[in-house]
Structure formats: C-alpha cells, structure tokens
Amino acid sequence: MRNDNIPGGIMANSKLHVTIVGGGIGGLFAANALIAHGLSVSVYEQAAALGEVGAGVFLTPNSVRQLERLGLGSSVETWGARVGQGSHYFRHDGAPIAPVQVTDSTGWNATFGMHRADLVDLLAAALPAQTVHTGHRCIGFEQADNSARVLFANGLSVESDIVVAADGIHSELRRHVAPPSHPVFHGSVAYRGLVPHSTLSHWPSDRWLMWLGQGRHFLTFPVRGGKLINYVGFVRADGEMKESWSAPGDPDVLRREFSGWDPRIGALLQRVQTTFRWALYDREPLPAWSSGRLTLLGDAAHPMLPHLGQGANQSIEDGMALATILARANREAVPAALVAYQRLRLERVAQVQRGARENGLRYDSATSNLGLRDAEITAHAAFRRRLYDHDVVPDAKAAAMALT
Ligand code: FAD
C-alpha cells in the first residue's frame with residue numbers, strides 16, 4: 001500500500017472557509033481533501049440524512065491513489081472488494097473477448113468494487129463532527145469581491161470565501177457559472193442492484209465481469225468485501241426518464257432483457273428480488289466551471305456516461321486538485337485559483353467524457369464487425385492504463401506554484 005500522505009506544513013490558508021453544496025461522493029471527498037490541506041469546510045446537503053441507493057461504484061487506481069493520500073486506503077480495503085486477475089469481457093453468449101485491465105502501468109492493483117453507501121459512510125466518518133449539515137436545500141447564490149453567499153430553502157444563508165457546487169447533474173448552482181445546457185439522453189437505462197453472495201456461492205468474488213450484446217450489456221463486480229454481488233444491466237429505453245432518476249424496476253422485465261444470454265447471467269438474475277432503473281444522461285463538456293468565488297465539482301461540472309466507470313473517480317480527482325491549489329491561495333487569489341483548477345481539470349475530464357461515450361458504443365456492439373470491436377476492447381487496456389496512471393497532484397502543485 002502506498003504511503004505518500006499529504007505533506008505537512010500546508011497551513012497557510014487556515015482562515016479560508018469553503019462552503020460545499022452537496023454531500024454526495026464528490027462533495028464529501030472534497031471536504032476531506034480541503035480539511036487535510038488546512039482549509040475550514042462546511043458541507044450542506046439537501047437530504048434529511050446522508051445516504052445512497054443500493055448499488056455499486058467501481059474505484060480505480062487514479063482515485064484510490066488520492067483516497068490513500070488522505071489516509072482512507074485501509075477503509076477502502078476493509079469495505080471494498082478488490083478486483084483482480086480473471087476479470088474478463090465476454091460476448092453475450094459467454095465467448096471470451098479480452099481480460100479487463102485491473103492495474104496501472106506499474107502493476108499496482110487498486111481497483112475496488114464498493115457499495116455506494118459504504119463509500120459515502122467512510123467519507124463522512126472521516127470528517128470532523130459538525131462539518132455536514134443535512135436538510136439544507138440550496139436555492140440561491142450571490143457574491144461580491146471579497147465573499148460569497150449561499151441561500152437555503154429553510155431561510156438560512158451562509159457566507160464564505162469559496163463556494164463549491166457539488167450538487168450533482170441537476171446542479172442548482174451551475175447556472176451561475178455556465179450558460180444553460182440540456183442533458184443529453186443516451187437512450188438507455190441501467191438496471192442496478194445487489195445479490196447476496198451467499199445465494200450464489202460459486203460466483204467469483206474477486207472479478208469484474210462484463211458481457212456485451214446488441215444494444216445491451218451486463219456487468220457484475222463484488223462489493224462489501226465480496227459479501228454482495230453488484231450487477232448492472234444496460235438496456236435500450238422505451239422513453240425518456242427524468243435524468244439520473246432512480247426508480248424501482250421490474251425484475252421480470254430485467255430477466256427477459258437478458259434471456260438467451262450466457263446461462264451465468266440467468267442464474268444470477270434468478271436471485272434478483274428488487275432492482276432500480278437509472279436513466280443514462282450526460283452533457284456536452286462545459287466551457288467553464290468557475291466564476292469568481294464559485295466553482296463546480298463532480299457531476300455538477302461533468303456528468304458522464306458510466307461506460308468508463310469514472311464519474312465518481314473523476315470527482316475524487318477534482319477534489320484533490322482543488323484542495324492542492326487552494327492550499328496555496330490567499331483570499332484575494334481565490335478567483336485565480338479557481339480558474340487554475342478549472343484549467344487543470346477541463347481537458348482531462350472532457351477526454352474521459354468522450355471516452356465514456358465511445359466505450360458505450362463498443363459495449364452495445366454498435367457495429368457489424370464484432371471482430372474489430374473485440375480488437376478495440378483488447379487494445380483499450382492501454383487507454384485504461386494511462387487513465388489509471390494519472391496522479392492529479394503534481395500538476396495541481398505546479399498550477400498552484402504558478403499562482404504565486
Ligand atoms: P451526486 O452523487 O449526484 O451528489 C450530489 C449531492 O448533492 C446529492 O447528495 C444531492 O442530494 C445533493 N444536492 C443536489 N442539489 C442540492 C441542493 N440544491 N442543495 C443541497 N444539496 C443538493 N462512477 C464511477 O466512478 N464508477 C462507477 O462504477 C460508476 N458507476 C455508475 C453506474 C451508473 C449506472 C451511473 C448512472 C453512474 C455511475 N457512476 C460511476 C457515476 C457516479 O455515480 C457519479 O459520477 C458520482 O456519484 C457523482 O458524485 P457527485 O457527488 O458529483 O454527485
């Protein structure tokens with residue numbers, strides 16, 4: 001396990017206060033990173049309690065590297081399920097296509113399936129008491145030269161030096177930064193849920209497995225130390241659902257969507273009693289994320305399709321980049337620091353957004369030449385290695401140094 005923690009002595013900005021709107025994976029990781037870099041932080045979440053739907057999220061080395069820097073690596077190991085050799089892509093009938101890349105270029109295997117609620121819990125548990133304020137729905141924002149103010153539906157308003165909008169794909173604060181844009185419906189939905197491993201004990205608990213068919217694909221990986229199997233069935237949608245809307249799905253419809261596929265999928269789906277349907281949307285990359293003392297992070301900045309499994313991983317990279325840059329900024333330099341953060345992140349994230357769209361076409365077999373598609377899947381391991389090798393910190397430090 002790596003041990004390159006936050007360097008000591010970065011306390012120049014202990015007086016800067018950051019308001020984070022949104023207590024999802026992005027907002028909670030950013031809070032941890034900013035506090036570790038000496039800033040003071042409050043998180044405001046609209047829900048009455050922190051929580052997440054019963055589904056999995058896949059963590060990859062580019063974000064696990066940052067979780068380890070904050071001392072959260074052992075929690076990830078405890079609550080996650082490491083995925084390793086034997087992870088594989090298959091055609092819909094089970095014919096093998098290619099192994100799945102599970103390490104960075106150095107061979108470091110830090111790919112973990114996590115229950116989303118476990119990740120939210122471990123991020124929240126690492127914060128000082130009184131950092132997170134639930135039951136606060138942000139409804140407005142205003143700023144002057146020296147401070148910014150966030151307004152809430154319950155009548156409260158708070159002033160701070162910096163506001164981070166980590167309020168997801170429906171972001172309320174996004175309109176203060178970027179021109180209005182419409183989410184792009186991908187024409188598909190994801191059925192998601194969890195099956196206890198005890199009901200399917202022959203299922204490997206250390207593998208990421210994906211089957212690719214026409215207009216559909218099916219993914220499983222373990223979570224919670226291998227006790228649960230997370231499954232996601234991506235299928236064409238009969239009509240638009242509200243973006244990112246998670247609604248109950250019909251397990252029998254899910255089973256019909258994948259009938260005739262590899263019998264292993266049928267065996268798993270027989271165990272499904274409840275499932276969620278999640279409509280897939282992204283947006284065109286934004287031209288800007290920051291305006292004065294306000295900046296965007298995570299899905300508020302870059303909602304993306306899940307076909308590279310990078311939405312949460314990129315939000316973690318965002319949080320570490322932001323904290324590393326703000327650690328060197330004083331109150332006057334905040335707007336310039338937020339522009340530096342935006343500059344650093346925009347192109348990397350836009351590449352990942354585009355890559356997720358392209359990968360979705362491969363996964364849904366949107367070609368008549370499946371041999372070529374299979375060759376692309378095999379070659380894609382090199383893209384994944386580059387993605388996983390990335391460490392956002394050195395570039396963020398250089399961007400911070402350029403500010404001074
Ligand atoms: P969110 O998780 O949406 O959190 C936003 C928070 O802000 C919420 O708690 C919300 O209640 C709160 N909020 C919203 N509005 C307000 C307001 N006005 N005031 C106060 N609070 C507010 N990513 C991966 O990295 N790996 C994966 O394997 C993966 N799998 C996925 C599978 C599917 C099917 C889908 C759809 C997505 C997947 N993702 C994955 C993407 C990932 O889930 C998201 O990118 C990530 O959760 C975004 O985190 P966030 O904190 O930016 O936003």
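Just so you know, ligand 1 is whichever comes first in the structure, and atom 1 is the first atom listed for that ligand. Side-chain atoms are counted along with the backbone in the values below, which use heavy atoms only and exclude waters and symmetry mates. None of these values were measured; they are calculated from a predicted model. Sequence positions, counted from 1, serve as the residue numbers for this chain.
- The six-membered or imidazole ring of W208 lies near that of Y89, with a centre-to-centre distance under 6.0 Å.
- Between V232 and ligand 1, no N or O atom pair is found at a separation short of 3.5 Å.
- In terms of N/O distances under 3.5 Å, ligand 1 is not approached by R137.
- Looking at D395, its side chain never comes within 3.5 Å of a backbone N or O of A398 through a donor-acceptor pair.
- Residue contacts with ligand 1 include R116, since one or more of its heavy atoms lies under 4.0 Å from the ligand.
- Using a 4.0 Å cut-off between charged nitrogen and carboxylate oxygen, R357 and E284 count as a salt-bridge pair.
- Within the set Q46, Q310, R192, H302, the minimum heavy-atom distance to atom 34 (C) of ligand 1 is found for R192.
- Between H88 and F90, the ring centre distance stays below 6.0 Å.
- The ring of F221 has its center closer than 6.0 angstrom to the ring center of F58.
- Listed by number with element, the atoms of ligand 1 under 4.0 Å from a non-hydrogen atom of V21 are 19 (N), 20 (C).
- For ligand 1, none of its N or O atoms has an N or O atom of P306 under 3.5 Å away.
- At least one donor-acceptor pair under 3.5 Å links the side chain of D250 to the backbone N or O of D252.
- In terms of modelled atom types and a separation under 3.5 Å, the side chain of D299 and the main chain of M304 share no donor-acceptor contact.
- Checked by distance only, ligand 1 and A300 stay at 3.5 Å or farther apart across all their nitrogen or oxygen atoms.
- For Y44 and F152, the gap between ring centers is short of 6.0 Å.
- Near W278, with a cut-off below 4.0 Å to any heavy atom, the atoms of ligand 1 are 36 (C).
- Set against the non-hydrogen atoms of Y44, the atoms of ligand 1 under 4.0 Å away are 20 (C), 21 (N).
- At a heavy-atom distance under 4.0 Å, atoms from both the backbone and the side chain of A312 approach ligand 1.
- Backbone and side-chain nitrogen or oxygen atoms of A47 are examined, and none is located within less than 3.5 angstrom of a nitrogen or oxygen of ligand 1.
- In the vicinity of H136, heavy-atom distances shorter than 4.0 Å reach the ligand 1 atoms 19 (N), 20 (C).
- Near G298, meaning under 4.0 Å from one of its heavy atoms, ligand 1 places the atoms 52 (O).
- Shown in contact with G309 at under 4.0 Å from a heavy atom are these atoms of ligand 1, numbered in order with element: 24 (C), 25 (O), 26 (N), 27 (C), 28 (O).
- Aromatic rings from H217 and H92 are positioned such that their centres are separated by 6.0 Å or more.
- Of all the atoms in ligand 1, the ones that sit under 4.0 Å from a non-hydrogen atom of A166 are 5 (C), 6 (C), 7 (O).
- Any N or O atom pair closer than 3.5 Å counts here, and G311 shares at least one such pair with ligand 1.
- In this structure, H307 has its ring center under 6.0 Å from that of H186.
- Counting non-hydrogen atoms of neighbouring residues, nucleotides and ligands closer than 6.0 angstrom, the CH2 atom of W79 reaches no more than 12 such neighbours.
- For ligand 1, the atoms closer than 4.0 angstrom to any heavy atom of D299 are 44 (C), 45 (O), 48 (C), 52 (O).
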